[in-house]
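Residue numbering restarts at 1 for every chain, and letters A, B, ... go by the order of the sequence lines. Note that the structure is predicted; figures quoted are calculated from it, not measured.
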Number of protein chains: 2
Amino acid sequence: MSTAVTTLGYALLGLIRAEPRSGYALRMVFETTPMGSYSSSPGSIYPALKSLERQGLIMSEAMGARRKILTITPAGEQVFDVWLRMLVTVEELSRSTGDALLRFAFLHDYPERQVTLDFLTSFESAAMAQVSGLKRFLAGDGADMPLQARLAVLHSFKTIEASAHWASEARKALIKGEML
Amino acid sequence: MSTAVTTLGYALLGLIRAEPRSGYALRMVFETTPMGSYSSSPGSIYPALKSLERQGLIMSEAMGARRKILTITPAGEQVFDVWLRMLVTVEELSRSTGDALLRFAFLHDYPERQVTLDFLTSFESAAMAQVSGLKRFLAGDGADMPLQARLAVLHSFKTIEASAHWASEARKALIKGEML
DNA sequence: CCAACCATGTAAGCTGTTACATGATTGA
DNA sequence: TCAATCATGTAACAGCTTACATGGTTGG
């Protein structure tokens, strides 16, 4: 059992899906692009790839003595697809934005445009719900906190607000881009 | 050896320093305030407290049969103080903002106001350095990326920009608050 | 007296980190 | 040929999560 794929696992799966690669090539992606910011160290990548292979989500084909090219399997495609289409919830966003942003980055070459727009809508409303929660806290329980503690909460407030705004703008940009 | 204190450890140390408490009381803080968002589960708190005690940074005093009140030791004060006065670097901020924000929240009842202002200055310049890096990436290597991948990077850009702006505003608010 | 909550802890398992180890291939 | 880089892996360890276990205290 255990279709337990980590965030790193999905990142690897998505990259392999887009283009079959070696483990080393995958590491280089993490090292040279501001993608999430995953480990890029062999000690995290290779075990994660082995786990994906154990679960039958990728296949490896030896190329020469050492090099191995990794390819996604139909099962892998399906698991990835389910993950990719997940809408953003408040719970997910309050844990961290990393997963959601990763999905967004991978949505680009995949399904119908509407899926991406729905994703962004869910992202925006989840972010706005969090913002409201923080606003309520600052007005309620947090009202008697010292200035500096309030300012610390305000940082979350401001960054999540920027997130929500980004989702709205990204949505507009995609609609406009689609029309052109 | 090993003055290895985790972020959770510093959070606990800071709370205990502000007011001696039981482990349960500490868990309640994490559960009822939007502080960072640490585990709050017994499986993380109690082992972390035990580790702090092993390192001689806190002391526990039994109150009745089960309840234990935790107090910070002079060694703990010193370790906490060193951590609290650390300035924000680009490396720290690019790993995550959590640590830095935690320090900011704890700076409130502690040293001279100037330390806090210096902290915010370092925070702002680290954030702005990151923003410049992303801007460079978007103009350079990232210029030929598909729209959606660019938008994903733009999310980092916008949120970190909001962070930098927050630091600037927080600094102003503290100076103004000090003058009043 | 019994349920709810206070209060502390342990055990198994998973991820990821750092550091180490190895060897092939390529370009100057 | 020799250094750099390609390329894959393992081992030890730290930290957190979930789940389990236990018992004290208090209010209805």
Side-chain angles (χ1 to χ4, degrees), chain A residues 1-13 15-16 20-32 35-55 58-70 91-92 94-96 98-99 102, chain B residues 1-13 15-16 20-32 35-55 58-70 91-92 94-96 98-99 102:
Chain A
M1 284 301 96
S2 74
T3 313
V5 182
T6 63
T7 305
L8 174 60
Y10 282 117
L12 293 168
L13 208 48
L15 288 170
I16 292 167
R21 276 174 248 231
S22 68
Y24 186 79
L26 292 163
R27 282 177 60 201
M28 291 306 107
V29 172
F30 293 138
E31 253 178 27
T32 58
M35 229 198 110
S37 252
Y38 301 102
S39 39
S40 89
S41 69
S44 58
I45 304 278
Y46 292 110
L49 290 172
K50 194 177 268 186
S51 160
L52 289 174
E53 199 174 359
R54 255 203 318 272
Q55 292 175 70
I58 61 172
M59 281 174 21
S60 67
E61 190 189 357
M63 294 283 285
R66 287 181 80 69
R67 198 173 157 77
K68 275 190 197 172
I69 298 296
L70 304 162
E91 297 75 46
E92 182 188 19
S94 57
R95 272 197 306 276
S96 102
D99 254 59
L102 187 64
Chain B
M1 282 297 99
S2 74
T3 313
V5 181
T6 62
T7 305
L8 175 60
Y10 283 116
L12 294 168
L13 208 48
L15 288 170
I16 293 167
R21 276 174 248 232
S22 68
Y24 186 79
L26 292 163
R27 283 178 59 200
M28 291 307 107
V29 171
F30 294 138
E31 254 179 25
T32 58
M35 229 198 110
S37 252
Y38 303 99
S39 39
S40 90
S41 71
S44 56
I45 303 280
Y46 292 110
L49 289 172
K50 193 178 269 185
S51 159
L52 290 174
E53 199 174 358
R54 256 202 318 271
Q55 293 175 71
I58 60 171
M59 282 174 19
S60 67
E61 191 189 355
M63 296 281 285
R66 287 181 80 69
R67 199 173 158 77
K68 275 190 198 174
I69 297 296
L70 304 162
E91 297 75 45
E92 183 188 19
S94 59
R95 274 198 305 276
S96 100
D99 254 59
L102 187 63

**Student:** Apply side chain to side chain donor-acceptor pair (under 3.5 Å) to B:Glu61 and list each qualifying residue two or more places apart in sequence or on a separate chain.
**Tutor:**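 Side chain to side chain donor-acceptor pair (under 3.5 Å) list for B:Glu61, sorted by chain: empty.
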**Student:** To the nearest angstrom, how far is A:Lys68 atom NZ from D:dA7 atom C1'?
**Tutor:**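 Computing the A:Lys68:NZ to D:dA7:C1' distance gives 11 Å.
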**Student:** Please list, for nucleotides 11-18 of chain D, all pairs of protein and nucleotide N/O atoms separated by less than 3.5 Å.
**Tutor:**
unit_1	atom_1	unit_2	atom_2	d
D:dT17	OP2	B:Ser39	OG	3.3

**Student:** For B:Tyr46, which residues count as a ring pair (Phe, Tyr, Trp, His ring centres under 6.0 Å) partner, sequence neighbours excluded?
**Tutor:**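 Checked B:Tyr46 against ring pair (Phe, Tyr, Trp, His ring centres under 6.0 Å); zero matches.
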**Student:** By the 4.0 Å heavy-atom rule, please label A:Arg66 as base, sugar-phosphate, or nothing.
**Tutor:**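 Base, at least one base atom sits under 4.0 Å.
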**Student:** Please enumerate all residues that pass side chain to side chain donor-acceptor pair (under 3.5 Å) together with A:Ser51, with sequence neighbours excluded.
**Tutor:**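 A:Ser51 satisfies side chain to side chain donor-acceptor pair (under 3.5 Å) with A:Gln55 once adjacent residues are dropped.
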**Student:** Take the protein atom OH of A:Tyr46 and the nucleotide atom C1' of D:dT10, then report the distance between them rounded to whole Å.
**Tutor:**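 Going from A:Tyr46 (OH) to D:dT10 (C1'), I get 13 Å.
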**Student:** Round to the nearest Å and state the distance from A:Arg27 atom CZ to D:dA7 atom C1'.
**Tutor:**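 Atom CZ in A:Arg27 sits about 8 Å away from atom C1' in D:dA7.
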**Student:** Mind checking what makes side-chain contact (heavy atoms from CB on, under 4.5 Å) contact with A:Pro20, not counting sequence neighbours?
**Tutor:**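 Result, side-chain contact (heavy atoms from CB on, under 4.5 Å) vs A:Pro20: A:Ile69, A:Thr71.
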**Student:** Would you please name every residue forming a side chain to side chain donor-acceptor pair (under 3.5 Å) with B:Thr32, sequence neighbours left out?
**Tutor:**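 With neighbours one apart ignored, the set is empty.
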**Student:** Specify the separation, in whole Å, of atom CG of A:Leu49 and atom C1' of D:dA7.
**Tutor:**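 Going from A:Leu49 (CG) to D:dA7 (C1'), I get 12 Å.
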**Student:** For A:Ser96, check side chain to side chain donor-acceptor pair (under 3.5 Å) against everything at least two apart and list the hits.
**Tutor:**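 Scan of A:Ser96 (side chain to side chain donor-acceptor pair (under 3.5 Å), adjacent residues dropped) gives none.
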**Student:** What residues form a side-chain contact (heavy atoms from CB on, under 4.5 Å) with A:Thr6, not counting sequence neighbours?
**Tutor:**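 A:Thr6 satisfies side-chain contact (heavy atoms from CB on, under 4.5 Å) with A:Leu8 once adjacent residues are dropped.
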**Student:** Considering only heavy atoms from C-beta outward, does the side chain of B:Leu70 approach that of B:Leu12 to under 4.5 Å?
**Tutor:**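 When only atoms from C-beta onward are counted, B:Leu12 and B:Leu70 do not touch, as no gap falls below 4.5 Å.
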**Student:** Which is the 5'-most and which the 3'-most nucleotide of DNA chain C that has an atom under 4.0 Å from a heavy atom of chain A?
**Tutor:**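 Boundary nucleotides touching chain A, in 5' to 3' order, are C:dT15 to C:dA24.
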**Student:** Are A:Tyr24 and D:dT8 close enough that a side-chain N or O sits under 4.0 Å from OP1 or OP2?
**Tutor:**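 Indeed not, no polar side-chain atom of A:Tyr24 lies that close.
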